[in-house]
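Written below as structure tokens is the structure these notes are about.
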Amino acid sequence: MNILVTGGTGYIGSHTIVELIANGHEVSVVDNLANSSVGVISRIKKITGKEPKLYTFDLCDKEATSNLFKKNSFDAVIHFAGLKAVGESVQLPLTYYENNLLSTISLLNAMLDNDVDRLIFSSSATVYGSTDTTRYRETLPAGHDISNPYGRTKYMIEEMIKDIGNANDSFEATILRYFNPIGAHESGEIGENPLGLPNNLMPFITQVATGKREELLIFGNDYPTEDGTCKRDFIHVVDLARGHVAALKKSSPGTHIYNLGSGIPTSVLQLVNTFSSISGKSIKYRFTSRREGDLAEFYADPSKAELELGWKVEKSIEDMCRDTWNWQLKNPNGYDR
Ligand code: UD1
């Protein structure tokens, strides 16, 4: 298939492109490079032997988006592009609503106008909001008590996609709700490369391991878990990427929602200790107060994706730590450009 990947130079997008190419798909990328490096493209070529075509513009530009669809014939779109820093979204809510919603509307318009009716959307387990369960199934009601504007944009886009599906019988939409992606491609050529202050746990751990940061602050050790730290469902980014290939293969009319997670909860402290033993580096950490909006524990029930998409994770927490460390050692300064 000829696939358009939006946000394809980002962390999850780039790993997904590698898996798409490995499965025989042709890939084009649209990205405004707001939070990523163009150097990702040559790394993808190094791994796969194929260079995806990159279009550098912002999807909010309706004309450019429409022209891209007029000049190409895409069979499907995988939509990753969007702003994703939780803390920043609290400070700049309008920027998040404007960017994430308008870019998606522009993309969906171009798809419908050009009869491209197959979409995979990069969503987040954050759309479940705060619930009284820890193991999340897709049947849980979503959208209540989402703790930040970033998460609400994901939920709003999900709803938008469902409405479009209801109005267009031939529209095939798959919404993938990610848990906590970490790790890197095992080649060490691509990985997570946060520009500026990281937002998530794993980049902080690696920065302490390399000495870039003196210590890790662990937000809370008084949660009702075995070691008092929060538990999350970490998923290897390559497993996650393969979930998109599986979803594409099984795409069918209607809107389908799947959790992509391992189903196994791991505590923050367990992850730190595993990373430390794999890298051979001691990770200095200090417990501090809880972070606002954090839940003690949540993890996926991934059985729907296994049953319907024939997909499940293959990689362990050890793999995630090893591949992250390998990427870090090979690329101490991230991508060259
Ligand atoms: C966060 C977002 C979620 C988003 C996801 C994207 C919140 C509340 N949720 O999930 O909306 O989709 O990232 O990847 O922000 N931690 C520390 N010290 C640190 C950093 C993190 O102790 O320096 C802890 C956190 O308190 C949490 C765990 O590590 O318990 C995981 O944090 P993080 O990587 O930010 O992911 P989530 O909060 O689960």
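In each ligand, atom 1 is the first atom listed, and ligand 1 is the first ligand listed.
- Close approach of ligand 1 to T126 is summarised as follows: ligand atoms under 4.0 Å from at least one heavy atom of the residue are 3 (C), 11 (O).
- The heavy atom nearest to atom 1 (C) of ligand 1, considering only N148, N200, I12, N180, is found in N200.
- The aromatic ring centres of F179 and Y299 sit 6.0 Å or more apart.
- No hydrogens or angles considered: nothing links the side chains of K62 and S66 as a donor-acceptor pair under 3.5 Å.
- Side-chain N/O atoms of Y55 and N67 include no donor and acceptor closer than 3.5 Å.
- Among all protein heavy atoms, the one lying closest to atom 25 (C) of ligand 1 is D294 OD2, 3.5 Å.
- Here atom 35 (O) of ligand 1 lies nearest to R291 when heavy atoms of R291, E215, E292 are compared.
- Of all the listed residues (L217, L201, T225), L217 holds the heavy atom that lies closest to atom 18 (N) of ligand 1.
- In this structure, T229 has no heavy atom closer than 4.0 Å to ligand 1.
- Residue, atom and distance of the protein heavy atom nearest to atom 22 (O) of ligand 1 are F219 N, 2.9 Å.
- Which parts of ligand 1 touch V86 is read off a 4.0 Å heavy-atom cut-off, strictly below it: atoms 2 (C), 11 (O), 15 (O).
- Proximity of Y150 to ligand 1 is established by a heavy-atom distance of less than 4.0 Å.
- In this structure, R43 is not positioned above the aromatic face of Y335 in the sense of NZ or CZ being under 6.0 Å from the six-membered ring centre and within 45° of the axis.
- Counting atoms of ligand 1 from 1 in the listed order, those under 4.0 Å from a heavy atom of C230 are 30 (O).
- Each of I235, T126, I12 was checked for a side chain to side chain contact (heavy atoms under 4.5 Å, CB included) with Y178, and the lone residue meeting it is I12.
- A donor-acceptor contact closer than 3.5 angstrom links the side chains of S316 and D319.
- Within 6.0 Å of atom NZ in K330, more than 12 heavy atoms from other residues, nucleotides or ligands are found, so the atom counts as buried in its surroundings.
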